[in-house]
Amino acid sequence: MAKLHDLLKLQHKKLLRERKGTVGVLWRNFVRTVNETLWQEESKREQLERTADFNAREITKRNSHIQAIFETFPDIFFVVSPRGEIAEANGAALEEMGRPVGYWQGKTLAEFPNTEIGRRFQDGLERARNTQTTATLEFAFMVAGRLAFYEARLRPTDNNQTLVLVRDITARKVALEALKASEERYALAARAANDGLWDWNLPSNRIYFSPRWKSLLGHTDGEIENHPNAWWERIHPDDVELVKQAFTHLGEIGKDTLEIEYRIRHRDNSFRWVETRGIAVRDAAGTAYRIVGSQTDITPRKEAEERLRHEGFHDKVTGLANRSLFMDRLTNVLDRVKRQPGYLISVIYIDLDRFSSVNERVGHEPANRLLEAVGARLRSFARVGDTVARLGDDEFAILLDGIPNDRAAVVFADRMRELIASPCDVGPEEITVTASLGITLNNPDSSSAETLLNEAESAMQRAKQAGKNCQELFSRENYSRLVSKLRIETELRRAAERGELELFYQPIFNIPTARLIRLEALIRWNHPQRGMVSPLEFIPIAEETGLILNVGEWVINAVCEQARAWHDAGRGPVGIAINVSPRQFQQHNVLTQFGTALTKISAYGFGLELEITEGAAMHDVDQSVKVLRSLREMGVHISIDDFGVGYSSLSCLRLFPLNTLKIDRGFVQGVPKVKDNTAITNAIIGIAHSLGLSVVAEGVETEEQLAFLRDQGVEEAQGYLLGRPMPAKDISPLLPLKT
Ligand code: C2E
Ligand code: MG
Ligand code: MG
């Protein structure tokens with residue numbers, strides 16, 4: 001049996017002592033097995049003990065390696081605890097930043113390397129933790145009197161710590177900057193052939209100007225001193241500020257280049273436009289110590305630009321300012337005026353009279369020369385600060401900047417008008433053209449350039465209406481009238497097609513018989529916003545603008561339609577009177593128009609009557625007589641409306657083939673108490689009767705008036721007492737039934 005294991009040997013001996021005598025084979029085998037097992041276990045233990053010993057030595061060795069790497073690492077390295085405190089930091093590199101390594105132990109990362117940058121570190125830390133990825137940041141820090149650039153990386157670990165690595169990247173940054181600067185300098189050099197170069201040494205305040213720099217200004221090499229003043233004193237006074245500012249900003253961090261355009265004095269005393277580019281060269285601490293750059297003559301480009309600008313703001317034919325330049329100037333002047341209470345300016349709007357017929361007569365070219373001549377005259381008379389513009393075809397405007405009072409503007413305009421009206425020699429013949437002028441002055445309400453120009457234009461329109469070759473001073477009342485007139489005109493144009501027009505009818509009674517014998521058709525305008533608009537308001541405007549012809553036609557048609565409707569309803573024959581305005585009456589087809597109406601209306605059993613005013617009939621007596629005669633012959637009943645307010649010559653009245661005189665409401669109102677009214681009413685009745693005409697009294701409102709009129713032998717009456725103007729459906733029951 002192999003050597004017994006020590007432990008087993010002890011047990012074996014003890015057993016042998018107790019059991020003296022026999023030892024069985026079985027027992028021996030058992031002991032052998034146990035012995036072998038024990039030996040095996042023993043050798044395993046020894047082996048294990050040897051390995052453990054080795055591992056412990058290995059760990060110590062590796063730890064010291066890591067420590068050495070950590071200590072000598074060129075980057076700054078932190079371990080930051082979950083609470084944000086710096087738990088471990090490495091040495092040398094960190095010490096460069098001004099504090100010993102130990103200082104940071106237990107400080108928070110938010111304090112590194114100072115609280116300002118620390119705030120960014122804190123942000124980075126949060127970012128890294130929230131996203132569980134590496135966060136990076138860059139910062140600059142003064143290290144031993146030089147500006148160093150750093151890049152930091154923050155990486156979260158599994159155990160809630162964060163590793164922070166800070167690397168000095170100054171060398172990389174400087175190399176990049178140097179590359180950029182050398183590229184700029186190369187670009188400058190490449191341009192040296194055409195451009196002047198300059199190189200300004202800031203500490204010595206000396207500046208080098210290349211020969212080309214000097215020759216661009218007409219100087220030879222020796223003629224300009226190498227001092228910045230030689231440059232500054234040549235700059236145009238208006239541009240000095242701009243250049244100064246550009247150079248001041250150049251010194252600031254991040255502003256390394258400048259690019260400016262300005263004017264500089266040439267040797268011949270003219271000013272040249274130049275473009276200057278510059279770049280600052282900095283020392284290691286970032287302070288600019290040198291500025292180098294180029295200078296290019298850009299006068300031709302500037303002149304081309306100016307030409308384009310001039311063309312954009314000037315009229316080709318006359319060379320005067322165009323509308324946009326005029327408005328621009330006017331706006332500027334108004335801005336200034338706002339700060340100077342009491343300062344007066346005036347806008348004069350000039351429109352040549354009948355220019356289009358001049359154009360047709362003499363042809364395009366001479367007409368253009370005429371415009372040119374007018375422009376030149378206006379300009380010659382205007383003062384230096386005034387603006388003369390051609391606004392359009394034959395329209396000009398003058399802005400008088402600064403006048404003592406409105407009289408001055410009127411006198412000025414008067415003089416202008418005379419100047420324009422003197423004959424012009426523009427080709428085959430001498431042409432004389434006159435102009436209508438509108439004048440306006442600024443006031444606290446005329447806030448915008450548009451308002452002022454509109455005011456001047458509307459005054460000019462009034463001058464045109466007043467017979468041309470004259471001038472009008474703008475007045476606010478006229479203007480608001482004009483505006484409301486324009487509004488009514490536009491709206492009235494659409495009123496018929498929109499169904500806003502309606503006819504009312506007012507009954508006229510025979511006084512002795514008290515029978516309804518005729519109706520007067522009176523127009524109504526149901527305005528969608530303003531409600532019922534009185535014909536007294538819109539008929540004069542319609543008359544003025546010519547719209548009355550459309551309105552008149554609408555009335556005639558509406559009356560015919562209504563006659564048909566009454567006829568169909570079995571209502572009987574009365575006369576229907578239509579009011580005819582002067583313009584309508586003078587229209588060439590007046591006979592055809594009323595002839596047709598008469599045919600229609602009489603087919604329905606009604607009579608057609610026309611009411612015209614004295615003025616309309618008197619306008620062209622011969623023509624009126626002819627027209628009225630024809631109408632009478634056709635069977636149209638004719639009344640003179642509002643008799644007594646117009647002027648009419650009794651001898652003419654005699655010539656007109658009339659049926660009736662309508663005494664104006666104004667006279668009827670006063671009877672019988674007002675003596676004058678009563679006298680006139682009596683006189684009209686007398687005239688009418690002596691001419692064989694019947695009389696209608698308008699506007700009868702009281703029984704007293706009616707009784708008086710009856711006593712005076714007046715045949716017919718119309719008025720609120722007897723019946724107001726009313727819609728057709730209300731009139732219908734009053735009409736006699738046809739038999
Ligand atoms: P007009 O032809 O003299 O018509 C009479 C005007 O006197 C009407 O005014 C009528 O409503 C009003 N009137 C009648 N009786 C009385 C009364 O007792 N008291 C008072 N205070 N007023 C009374 P309306 O309808 O406002 O018309 C005004 C003027 O408009 C008319 O005067 C006429 O000149 C014109 N007009 C009306 N319709 C037309 C039309 O269809 N064509 C034309 N061209 N002019 C029209
Ligand atoms: Mg009438
Ligand atoms: Mg009347």
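Just follow the structure's listing: the first ligand is 1, and inside any ligand the first atom is 1. Numbers for residues simply follow the sequence, beginning at 1. These numbers come from the heavy atoms of this one structure, side chains and all, not from hydrogens, waters or symmetry mates.
With a 4.0 Å cut-off on non-hydrogen atoms, Asp642 touches ligand 1 through its side chain and not its backbone. If you look at Asp641 next to ligand 1, the close heavy atoms, those under 4.0 Å, all belong to the side chain. Within the 4.0 Å heavy-atom criterion, both parts of Ser581, backbone and side chain, lie near ligand 1. Under 4.0 Å from ligand 1, the heavy atoms of Val555 that appear belong solely to its side chain.
Applying the 6.0 Å contact sphere to NZ of Lys338 captures more than 12 heavy atoms from other residues, nucleotides or ligands. Counting heavy atoms of neighbouring residues, nucleotides and ligands inside a 6.0 Å radius, atom CZ of Arg629 does not exceed 12 of them.
Note on Glu520: its N/O/S atom closest to the Mg ion (ligand 2) is OE2. Glu611 contributes atom OE1 as its closest N/O/S atom to the Mg ion (ligand 2).
The contact set between ligand 1 and Pro725, taken as ligand atoms under 4.0 Å from a residue heavy atom, comprises 11 (O). Atoms of ligand 1 lying under 4.0 Å from any heavy atom of Arg524, numbered from 1 in the order shown and given with element: 11 (O), 25 (O). Using a 4.0 Å cut-off to heavy atoms of Leu536, the atoms of ligand 1 that qualify are 28 (C), 29 (C). Residue-ligand proximity, Glu701 to ligand 1, at heavy-atom distances under 4.0 Å covers atoms 17 (C), 18 (O), 19 (N), 20 (C), 21 (N). Using a 4.0 Å cut-off to heavy atoms of Gly719, the atoms of ligand 1 that qualify are 15 (N), 18 (O). Close approach of ligand 1 to Arg665 is summarised as follows: ligand atoms under 4.0 Å from at least one heavy atom of the residue are 6 (C), 7 (O), 12 (C), 13 (N), 19 (N), 20 (C), 21 (N), 22 (N), 23 (C).
Remark: the Arg417 side chain and the Asn469 side chain contain an N/O donor-acceptor pair separated by less than 3.5 Å. Of the N and O atoms on the side chains of Asp315 and Thr318, at least one donor lies less than 3.5 Å from an acceptor on the other residue.
Heavy-atom distances between Gln718 and ligand 1 stay at or above 4.0 Å for every pair. Heavy-atom distances between Lys662 and ligand 1 stay at or above 4.0 Å for every pair. Contact analysis puts Glu520 in contact with ligand 1, with a non-hydrogen atom separation below 4.0 angstrom.
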Requested in this report: Under the side-chain hydrogen bond (donor to acceptor under 3.5 Å, both in side chains) rule, what do Thr440 and Glu455 come out as? Steps first, then yes or no, please.
Outcome: CA-CA 6 Å; Thr440 191; Glu455 290 176 357; 2.8 Å; yes

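Exactly one residue among Leu453, Leu320, Asn322 makes a side chain to side chain contact (heavy atoms under 4.5 Å, CB included) with Leu391. That residue is Leu453. Of the candidates Ile578, Val555, Asn579, Leu522 forms a side chain to side chain contact (heavy atoms under 4.5 Å, CB included) with just one, namely Asn579.
A donor-acceptor distance shorter than 3.5 angstrom exists from the side chain of Thr513 to the backbone of Arg515, with no hydrogens or angles considered. In terms of modelled atom types and a separation under 3.5 Å, the side chain of Gln586 and the main chain of Arg583 share no donor-acceptor contact.
Among the atoms of Glu698, some N or O lies under 3.5 angstrom from an N or O of ligand 1. Close N/O approach between Leu503 and ligand 1 is not found [any backbone or side-chain N/O within under 3.5 Å]. Residue Asn579 places at least one N or O, backbone or side chain, under 3.5 Å from an N or O of ligand 1.
Annotation: salt bridge (Lys or Arg N to Asp or Glu O under 4.0 Å) contacts of Glu544 (sequence neighbours excluded): Lys485.
Among pairs with a residue in residues 598-628, those fulfilling ring pair (Phe, Tyr, Trp, His ring centres under 6.0 Å) read His567-Tyr604, at least two apart in sequence or across chains.
Taken to the nearest 0.5 Å, the SG atom of Cys424 stands 5.0 Å off from the CG atom of Leu370.
The Mg ion (ligand 2) does not have Ser639 among its coordinating residues (no N/O/S atom, backbone or side chain, under 2.8 Å). Among the backbone and side-chain atoms of Asp641, an N/O/S atom is found under 2.8 Å from the Mg ion (ligand 2).
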